[in-house]
Every structure is written in C-alpha cells, then in structure tokens.
Amino acid sequence: MPKDLPKTYHPQKTEDEIYQKWEKSGYFNPDNLKLPEDAKTYSVILPPPNITDKLHLGHVSMLAIEDLLIRYHRMNGFKTLWIPGTDHAAIATQNVVEKKLLKEKKITRHDLGRDKFLEEVWSFLQETQSIILRQIKKTGASLDWSREAFTLDEKRKQAVSQMFIDMYHAGIIYRGERIVNWCPRCHSTLADDEVEYKEQENKFYTFKYSKDFPFAISTTRPETKLGDTAIAVNPKDERYKKYIGRNFKINFAGFPLKLKIIADRNVDMNFGTGALGVTPAHSMADWQMAEKNNLAIVKVIGEDGKIREGFKNYSGKTVAEARQMIIRELKNKKLLEKVEDIKNNLSLCYRCGTPVEPLPSEQWFVSVDKKIKKLGNKSLKERAIEVAHQEKIKFIPERFKKRYLDWMENLHDWCISRQIWFGHRIPVWYKNSSQFTVHGSQSANEKEIYVGVKKPEEKNWIQDSDTLDTWFSSGMWTFSTLGWPDNFKDNKKSGDLKKFHPTQVLETGYEILTLWVSRMVMLSLFALNEIPFENVYLHGMVLDKHGKKMSKSRGNGIDPLDVIKKFGADSVRLATLIGNTPGNDVKIYEEKIKSFRNFTNKLWNIARFIIGNCKLQNSNSNQVSSNKLTLADKWILTEMKNLITEVNDSLTKYNFSQAGEKLKEFTWNSFADWYVEVSKFEKNKEEKNIILIILLKDLLKLWHPFMPFLTENIWEKMENKNLLMIEKWPSEKKYLAILGTPNETEWYIFSKIQSIIIAVRNARAKNNIEPGKKIEALIYAGEHYSAIKNEGILIKSLRTGIDKLEIKEKGEKIPGAIYISEGGIEIYLISAIDKNKEKLRFEKELDNFKKYAAGLEKKLKNKNFIEKAPEKIVQQNKENLKKTEAKIQKIEKYLKNLD
RNA sequence: GGACGAUUAGCUCAGUUGGCUAGAGCGCUUCUCUUACAAAGAAGAAGUCACUGGUUCGAGUCCAGUAUCGUCCACCA
C-alpha cells in the first residue's frame with residue numbers, strides 16, 4: 001500500500017493546489033490547446049454574477065453545469081472557450097453602496113455629488129469583485145481568465161456606446177415621453193421588474209365630480225382626479241351608453257375639468273359604478289387609453305411626489321395631504337356617496353418600499369416594432385421570434401420556448417434610460433442647456449442633439465445625465481466579450497468573434513429567460529445579424545430542504561464556501577448535478593452533499609487499492625489477449641463499453657443527472673462491489689492488472705467533468721505525466737478491440753452464475769441462518785458442469801458467506817438443505833434452518849407468484865389483448881407466465897421437501 | 001386574473017415514443033471490524049404513483065376537470 005495515500009480522502013489539502021496547476025498549464029485558454037487547425041470550437045459565456053452578492057449555491061450549481069459541459073467538450077477535442085466576467089448590476093450596486101454610505105457615514109449620494117459617489121462605488125466594487133472571482137476558482141471552474149471581462153470596463157464601455165450610436169442611427173433608439181414607474185424617494189424610474197406589488201387595505205371612494213355631472217365614479221386615488229381628461233365605460237353598459245362620445249365641462253373640487261366619455265372593453269361593469277375616471281398621466285392603463293383615444297394629458301404629481309404648480313391650493317401638497325383635502329371638499333359638497341374598504345395591490349419600489357408614482361417622463365427607448373433595413377425590413381421583435389420558430393435557437397427544456405415566444409409577442413418598446421449615476425452613461429449630448437432636467441419644460445426633441453462617443457469640441461455641450469439599463473450592456477455579453485466592435489468591420493467578423501460567435505450554449509436560470517435571454521437575442525441580431533447562442537439551457541432554482549428559497553432573512557441559506565471547505569468542491573458539485581432534471585428546481589442540503597462526499601471517498605479507495613496492487617506501467621490494452629480473459633473480465637469490459645455509450649448519450653442530451661447516476665452505479669456496484677472483488681482471486685493476474693488500470697483511468701476521465709479535483713488528483717497519483725483535463729475522452733472502440741467477438745455461450749453461463757450468486761445471497765438472508773455461521777454449498781451443474789467448475793470460486797468468494805463449495809456431476813438429494821435452481825444449475829445450501837419460518841416465507845412468496853400468474857393468464861385469454869397488442873408484448877407476457885409457473889413449481893417442490 | 005411547473009416509499013428525487021409484479025439515494029431495521037473503503041459490506045421492511053372522470057387490449061406515463069404547493073407575467077379604477 002502506498003504510504004502517501006491516506007485511508008480517507010481529504011479534498012481540502014489538494015484542491016487549491018490542483019487549480020493552480022491547471023491555471024499554470026494555460027489550457028483554460030483554447031489558444032494553448034494543441035489541436036488541429038480545423039478543430040471545432042465550443043464556446044460558452046459565463047452569465048456574469050452581480051458584484052453586489054457573494055457567491056451563493058445557485059452560482060455553484062450554474063458553474064458546475066457549465067464546467068461539466070466545458071470539460072466534456074475540451075476532452076472531446078473541441079477548441080473550448082469559457083469566458084468569465086462580472087456584472088456591474090447598476091441599480092442593485094448603487095443601492096447597496098447608498099445603503100452602506102447611509103449606515104456608515106450618514107450621508108446620501110447627493111451629499112457627495114456624482115463623481116465622489118462613483119469613486120465610492122468603484123472602491124466597493126473592486127473589493128467584492130475580487131472576492132467573487134476567488135470564490136469561482138474554488139468551485140474548479142475551468143474559465144479562461146486571460147479573457148476576463150466586466151460589463152462596465154473600458155472595452156465594454158466602448159462597445160455599449162457604439163451599440164447605442166448604431167441603433168440610434170438605424171432609427172430604433174428614440175427619445176419619447178412615456179408613462180414610467182417613478183420612485184419619488186430614489187428619484188429614479190423603475191423597470192417593470194423593479195416594481196413590487198403588495199396587497200393592501202385601501203379606501204375606495206365613490207363620488208360625483210360635481211353636481212351637474214350625471215353619474216358617479218369610484219377610485220382609490222381621488223387626488224389624481226385633478227388630472228382626469230375622460231370617463232371610460234364599457235361599451236355594452238346600458239347605463240352609460242347614451243353618454244359615450246359626449247363632452248362635459250365641470251368644476252371638480254374647485255378646479256375646472258374637461259371630460260370626454262369614452263368606451264373601453266376592459267372596463268368591468270360590475271366593479272364600482274362601472275365608470276372610471278381616466279387619468280392618463282398617472283396610471284399605466286389610463287395612459288394606454290389616452291393613446292388610443294387621443295386624450296389630453298394633464299400632469300398632476302411631480303417627481304418629488306407632490307402636486308405640481310397650477311393646481312391652486314393643492315400645489316405643493318403631498319399626495320396624502322391632497323387626498324384628504326379633496327375628500328373634505330367632496331364631503332362638504334355632499335358629492336361623496338360611499339367609502340368602502342377594499343384590498344388592492346399597491347406598487348412599491350423594490351429597493352426602498354416607497355409607493356411608486358406612475359409619471360410621464362422623457363426617456364430613451366429601443367423600438368422593438370420598427371422595421372429596419374438592417375434586419376431585412378423586419379423589426380427586432382419579428383427577428384427574435386423568427387429565430388426561435390425556426391429552431392435556430394433551441395431551448396432545453398423545450399417548454400421554455402413557449403415562454404420566450406409569449407414574452408416576445410407581447411413585448412413593448414424597451415425603456416433603456418435610468419436616472420441613476422452608476423452605469424453606462426448615455427452617449428448623447430445637448431447644446432446650450434446648462435441644466436438639463438429629465439422632466440424639464442423644454443423637450444429634448446427641441447434641443448440640438450449630438451449622439452457620439454466624445455463630447456463635441458465646441459463649448460456648451462452637456463451630456464445626458466442618465467445611464468443605461470443594466471440589461472443593455474449584459475444583453476451584448478456574447479459579443480462584447482469577443483472583441484466587438486473592433487472585430488467587426490464591414491460586416492465581417494474577425495479574431496475571437498469569428499472563431500467563437502455564435503456561442504454554443506447559454507446556460508442560465510429560467511427566471512431571467514425573459515429579462516436577459518430575450519435581450520441578448522435582439523441585440524446580437526442587430527449588431528451581427530446572427531444569433532448569440534445555438535442552445536439555451538435553463539436550470540432551476542436552488543432551494544433548501546423544504547423547498548424554500550434560500551435567503552439571508554430566513555437564515556436557511558447554505559454558504560457554498562462553508563460546504564466546499566467541509567466536504568470538498570467535488571461533493572458540492574455532484575450534489576448540484578445529480579438528482580435533478582433540466583429546468584426544475586433543485587433542493588440542496590448537507591446530508592445530500594455528505595452522501596456524495598461518501599462516494600468520492602469510495603472512488604478514492606478504489607484507486608488506492610488499484611494503485612497499491614497493480615504495476616502502473618503495465619497498462620497497454622494491446623497486451624491483453626482475449627482468450628485469457630475470464631467471464632468476469634469480459635463482463636466488466638462490456639459494461640464499461642456500454643457505460644461510455646450511455647454517458648455520451650446522456651451528456652449530449654443535457655441529462656447530466658442521468659449520466660452521473662449511471663457512472664455512480666457502474667463505479668460502485670459493478671466495478672467496486674463485483675469486479676474488484678473478483679480480481680482478488682482470479683488467477684490471470686497479468687490481464688487483471690492491465691484491465692484494472694485501464695478501467696480506472698477511463699473511469700477517471702468519465703468522471704472528470706463532474707468532479708475535476710479528485711479525478712485529477714488520483715490521475716497524478718497514478719504517475720501520469722499529462723494533466724487529466726486535456727486527456728482524450730474514452731472510446732467504446734478500444735473495448736470492442738479487447739473483447740474480440742463475444743462468445744454467446746460463455747455469456748449465457750455467466751449470466752446464470754450471476755443469478756445464482758444473487759439467489760444464494762437471498763436464500764441465506766431469508767433463512768435466518770445464524771449470524772456469522774459459515775455454510776457449505778453443494779452444486780449440481782449438469783450440462784454447465786465445466787463452466788461452473790471454473791467459475792465456482794467466484795461464487796464462493798463474492799461475500800456470499802459460503803465457506804465450503806463442492807461441485808457434483810450428479811445431483812444429490814440432501815435432506816434439510818436449502819435448494820435453489822437456476823438455469824439448469826442446482827445449489828444445495830447445507831445449514832441449519834428454521835423450518836417454520838422458512839415455510840411461512842415461501843408460502844407468502846408462492847401466493848404472490850400465483851396472483852401474478854393468474855393476472856397474466858387472464859390477460860392472455862383476453863382476445864382484445866391478443867389481437868391488438870403488438871406481437872412482441874404478447875410474447876413477453878407468455879414468457880413471463882412460463883417463468884412464473886416454473887418458479888411456482890420450484891417453490892412447491894421445495895415446500896414439499898421441507899415437510 | 002393569465003401562463004407554466006410540481007404532486008411517485010418517512011425524506012430528496014428518477015421513471016425518455018403508453019407494455020411495470022413501479023426504481024434509486026438518504027433515513028430506518030438486522031447482521032458483519034471480511035487483508036481498498038465502517039464515509040464500508042451483506043440483507044430487509046416500506047408506495048391506492050394527489051383526487052375524479054375519459055381514451056385504450058393495457059395509463060405513473062395521454063386527454064379533461066378538481067385540489068394543494070411553487071414560479072413567472074399582468075395589474076385594474
């Protein structure tokens with residue numbers, strides 16, 4: 001036994017060392033792989049983690065899946081590239097730093113000013129970014145660090161500006177006024193996904209605008225009614241039909257309003273009075289009605305959350321104050337008919353929880369519907385839908401295609417400007433506007449605009465103060481990391497872009513399918529007129545043991561670094577890879593990781609045994625002559641050959657779990673529990689030596705993508721000079737060559753022997769043979785006599801507990817012995833048995849078999865079955881019946897013997 | 001409100017075009033320190049496949065509906 005191999009495997013000691021060796025080798029970079037010129041490429045871009053968070057288990061799961069794909073393809077001779085990077089996550093990061101500043105220094109970003117504040121962000125960012133990158137390495141991810149990128153580094157800044165400029169000139173980036181979700185506290189617009197909804201108790205007021213208005217309306221927000229320009233009713237509503245199209249001039253709470261009665265199908269006749277006041281400036285739904293009906297837009301609430309100028313004594317009041325004033329006014333005039341309690345959803349800012357105010361505002365948009373020349377007179381939306389329909393992009397699992405298409409088909413223009421400081425500055429300049437305000441009276445369209453990377457040389461040009469939506473820069477991730485736009489001149493790709501784009505797989509969580517994946521498709525189609533990736537693999541969320549999301553507040557999270565330290569990265573990787581299916585959530589907990597740690601130890605010990613007992617130099621499969629192979633050898637070699645086929649099959653279908661389970665079953669049950677045991681006593685030592693070594697080596701290769709550290713570690717212990725990570729993936733052909741033409745007769749016997757061993761084990765257990773007591777066996781082999789004689793020792797030693805084995809040419813009746821018969825071979829186990837217990841057991845079993853046989857008989861008598869079921873199935877059932885009947889006879893015979 | 005997913009052993013999950021006396025791991029029970037491994041080995045108990053119908057010779061698998069849980073989307077005066 002080699003002295004330096006401890007009984008238990010300690011991953012902690014070696015993992016970092018091994019990662020350094022890999023990095024030093026340079027093979028993470030495909031340029032350093034020794035491959036033929038025409039080798040196919042395989043590229044994956046790492047979904048960049050937000051620099052606000054440290055790594056969580058979801059990241060580890062993602063890294064494990066991608067690293068598996070990468071290592072598998074690298075070993076299969078692909079020019080394999082996996083690019084690492086991080087995401088600046090504009091809003092989230094700014095928010096974290098703002099909170100930190102408030103807590104530590106009690107200051108806001110406005111106290112610091114834009115430049116100073118950004119310095120704070122950058123110093124925060126550098127710290128967390130380096131932590132994340134270090135953590136990624138702990139998982140064993142074989143990323144090409146020489147190509148590392150950041151969504152807000154210089155190269156990406158250049159790419160983002162260029163993209164904006166190109167899209168602007170192509171006419172699909174435009175500036176327009178839209179109603180947006182505005183957070184009065186954060187002073188920023190919120191994307192749809194940044195708004196949270198919370199159900200709340202609310203007051204629902206029913207009132208008439210004025211005495212001379214014919215009917216009442218209902219609302220939860222009376223203060224916004226100052227901005228009403230219409231009343232909407234359902235076109236089918238008999239109560240209001242006659243008013244549709246009429247105009248009213250009225251006085252509402254001391255304020256003049258012009259109202260038009262419009263019809264809209266979406267109005268619920270049974271809700272409130274069935275009539276609703278339309279406030280285009282302060283409601284998403286109303287804005288759309290206003291667009292359809294060409295209504296005037298009256299802004300009531302300002303960016304500060306207060307009533308704007310021009311509303312008499314309401315001006316300057318907060319929303320809540322104004323509401324009370326109006327209610328009082330309505331009460332005084334006896335216009336208020338009802339106040340009810342209702343539950344409705346309140347929109348809240350996801351960061352600070354402040355109620356969101358929908359406001360009209362000037363923003364930059366990407367048009368998804370405008371048809372442009374560059375896209376063959378199609379729109380971004382049309383092209384993005386087309387590539388999914390044509391299966392140019394495939395989704396795994398398939399059901400997500402529908403989700404993608406649903407989202408795409410309902411997509412509206414994408415608002416890309418954000419009123420925050422941290423992020424990609426919009427490359428737009430305005431002339432003669434010393435103080436450009438987003439909601440200023442002067443519209444941007446009336447200003448002189450320059451769109452370009454650099455500020456115009458004349459004076460008085462001021463840059464747009466807004467930044468771009470994070471998804472705009474991460475949407476360019478597949479090509480901004482590969483040197484776009486430098487590598488794309490005159491519509492021709494060069495360099496990395498030419499070699500590696502489109503990428504082969506995008507692997508990410510299904511929760512950002514719409515947010516991210518859809519945008520990557522559109523931006524890539526615009527920039528390069530090609531898809532960003534060929535396949536989208538979507539993984540589920542990582543949940544705790546009880547199916548809950550892991551979160552800090554719940555305290556149910558597992559820190560991946562903790563469990564990596566405790567069990568090793570390989571075990572954690574296995575726990576995320578095995579036992580779940582694509583697109584489904586996965587539950588991870590310590591016991592699960594622990595069980596995989598036990599498995600890594602098993603493999604370690606298999607290796608320990610082989611390294612300790614075999615001559616490592618003797619591993620040339622050509623030296624094995626098939627006529628010296630025993631049945632056990634042939635069996636394991638066949639199993640291995642099948643395993644390779646199955647693993648390849650599963651991995652190419654993204655069934656990682658299935659591949660892992662097959663590997664585990666082979667390693668543990670076939671290889672360790674059977675073959676290694678057999679190898680201890682079968683006499684063809686030379687052949688055994690070679691077979692054990694080539695099996696172990698190939699097993700390490702097959703396992704490498706799943707658990708790179710342990711396999712590389714053992715590989716090194718086997719005195720291999722090259723790194724396992726660039727070894728060639730095993731092929732089935734080698735095994736076919738060793739096996740020669742399989743001998744079917746031998747095969748038959750071997751399968752019989754296996755079933756005998758199992759039968760012996762069962763008999764032993766079922767008969768309550770005294771613990772520790774050895775038993776003798778007598779075998780009558782009949783026609784298989786010689787084969788059994790050769791393999792008999794195999795039966796004896798495979799932990800059957802049989803101590804003495806005799807093989808007879810003619811069967812002998814042995815009173816009181818346990819009798820088993822399989823395939824013409826009879827075994828008598830000679831031992832003391834408890835007859836009564838034995839009888840009970842077998843009677844129960846007999847009963848079972850009889851029921852089953854009866855079922856089969858009934859089935860076979862059914863004419864419909866015979867006529868309609870395929871011949872194969874009918875035959876199968878007939879055989880089953882035969883076998884079962886034979887078993888019944890055997891048991892009956894045995895029961896008789898017992899008496 | 002709309003869409004999608006889940007529901008199989010005490011727990012976590014497989015079960016690929018319907019052919020199944022429904023499998024695995026963990027846990028549990030019994031036995032074994034057997035010279036690679038007790039983080040092991042040998043064996044065992046345990047399930048009306050959520051419910052109700054339908055299609056079919058045959059349904060865990062297909063269809064319809066119901067219930068519970070989860071996720072996403074939309075947001076309603």
Side-chain angles (χ1 to χ4, degrees), chain A residues 1 5 7-9 192-193 195 197 204 217-221 224 232 266-268 271-279 283-286 344-345 347 397 399-400 402-403 406-407 410 510-511 513-514 540-541 543 545-549 578-581 583-589 591-592 594-613 653 655 657-658 661 664-665 672-673 676-677 680 761-762 764-766 768-772 797-801 848-849 851-853 855-856 859 862-870 872-874 876-877 880 884:
Chain A
M1 192 56 46
L5 299 188
K7 253 184 165 179
T8 33
Y9 169 55
D192 290 346
D193 49 285
V195 179
Y197 297 93
F204 191 47
I217 59 133
S218 303
T219 184
T220 53
R221 298 202 59 188
T224 64
N266 293 325
V267 176
D268 182 351
F271 192 83
T273 62
L276 77 99
V278 181
T279 323
S283 154
M284 294 287 178
D286 295 3
N344 71 344
N345 273 334
S347 312
R399 69 183 133 91
F400 286 106
K402 190 177 180 300
R403 190 134 145 203
D406 282 351
W407 164 273
N410 294 314
Y510 61 70
E511 72 275 10
L513 170 68
T514 49
M541 284 184 304
L543 306 172
K545 194 176 182 176
H546 308 287
K548 300 284 176 212
K549 256 184 173 170
I578 299 178
N580 70 320
T581 37
N584 290 324
D585 296 342
V586 58
K587 291 171 193 165
I588 296 184
Y589 40 91
E591 297 97 297
K592 194 166 174 179
K594 200 171 152 186
S595 80
F596 284 108
R597 188 275 317 265
N598 292 354
F599 175 70
T600 60
N601 192 52
K602 184 76 188 179
L603 184 58
W604 173 256
N605 274 293
I606 293 169
R608 213 161 74 93
F609 172 78
I610 294 173
I611 294 170
N613 289 289
K653 287 178 183 157
N655 285 327
S657 180
Q658 213 169 59
E661 272 163 34
K664 197 175 161 197
E665 197 188 303
D673 290 344
V676 172
E677 291 298 328
K680 288 176 185 171
R761 282 178 184 169
N762 287 345
R764 188 179 146 72
K766 279 182 182 170
N768 288 357
I769 291 165
E770 275 175 55
S797 306
L798 276 183
R799 303 192 179 193
T800 51
N848 245 344
F849 280 128
K851 271 184 199 159
Y852 179 51
L856 286 174
K859 208 182 201 177
N862 186 342
K863 269 184 197 166
N864 276 329
F865 175 70
I866 302 290
E867 281 166 19
K868 291 183 181 169
K872 214 180 172 182
I873 300 295
V874 177
Q876 219 176 70
N877 275 281
N880 273 348
T884 312

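Convention: sequence-line order gives letters A, B, ...; per-chain numbering from 1.
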So what does [X] touch, heavy atoms closer than 4.0 Å: a base, only the sugar-phosphate, or nothing?
{"X": "A/Lys602", "result": "base"}
{"X": "A/Lys851", "result": "nothing"}
{"X": "A/Ala672", "result": "base"}
{"X": "A/Asn584", "result": "sugar-phosphate"}
{"X": "A/Asn601", "result": "base"}
{"X": "A/Gln876", "result": "sugar-phosphate"}
{"X": "A/Thr8", "result": "base"}
{"X": "A/Tyr589", "result": "sugar-phosphate"}
{"X": "A/Arg399", "result": "sugar-phosphate"}
{"X": "A/Phe599", "result": "nothing"}

Rounded to the nearest angstrom, tell me the gap between atom [atom1] in [X] and atom [atom2] in [N].
{"X": "A/Trp604", "N": "B/rC37", "atom1": "CH2", "atom2": "C1'", "value": "12 Å"}
{"X": "A/Glu677", "N": "B/rA42", "atom1": "CD", "atom2": "P", "value": "8 Å"}
{"X": "A/Glu661", "N": "B/rU12", "atom1": "CD", "atom2": "P", "value": "17 Å"}
{"X": "A/Arg608", "N": "B/rA36", "atom1": "CZ", "atom2": "P", "value": "8 Å"}
{"X": "A/Asn605", "N": "B/rG41", "atom1": "CG", "atom2": "C1'", "value": "13 Å"}

N or O in side chain of [X] less than 4.0 angstrom from [N] OP1/OP2:
{"X": "A/Asn598", "N": "B/rA40", "result": "yes"}
{"X": "A/Lys7", "N": "B/rA36", "result": "no"}
{"X": "A/Lys680", "N": "B/rA36", "result": "yes"}
{"X": "A/Thr600", "N": "B/rA39", "result": "no"}

Check your understanding: Of A/Met541 and A/Gly277, whose closest RNA chain B nucleotide lies nearer the 5' terminus?
Key ->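 Upstream on the strand: A/Met541.
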Check your understanding: Start at the 5' end of RNA chain B and walk down; is the nucleotide closest to A/Lys402 or to A/Lys664 reached first?
Key ->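 Of the two residues, A/Lys402 wins.
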Check your understanding: C1' atom, B/rA24 versus B/rA38: distance in rounded Å?
Key ->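 Straight-line distance between the two C1' atoms is 22 Å.
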Exercise for review: Write down the distance separating the C1' atoms in B/rA46 and B/rA22, rounded off to the nearest Å.
Suggested key: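 Here B/rA46 and B/rA22 have their C1' atoms 13 Å from each other.
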Check your understanding: Can you tell me if A/Thr581 and A/Asn584 form a side-chain donor-acceptor pair at under 3.5 Å?
Key ->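 Yes.
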**Study point:** Bracket notation of RNA chain B in which parentheses pair within the strand, [ ] cross earlier pairs, and | pairs with another strand (Watson-Crick or G-U, under 3.5 Å)
**Key:** (((((((..((((.....[...)))).(((((.......))))).....(((((..]....))))))))))))....
Point to revise | A/Tyr852 side chain reached by A/Asn880 side chain, heavy atoms, under 4.5 Å | key: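 Touching, per the 4.5 Å side-chain cut-off.
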Check your understanding: Does A/Phe609 have A/Lys680 sitting over its ring (NZ/CZ under 6.0 Å from centre, angle to axis within 45°)?
Key ->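 Positive - A/Lys680 is close enough to the ring of A/Phe609 and near enough to its axis.
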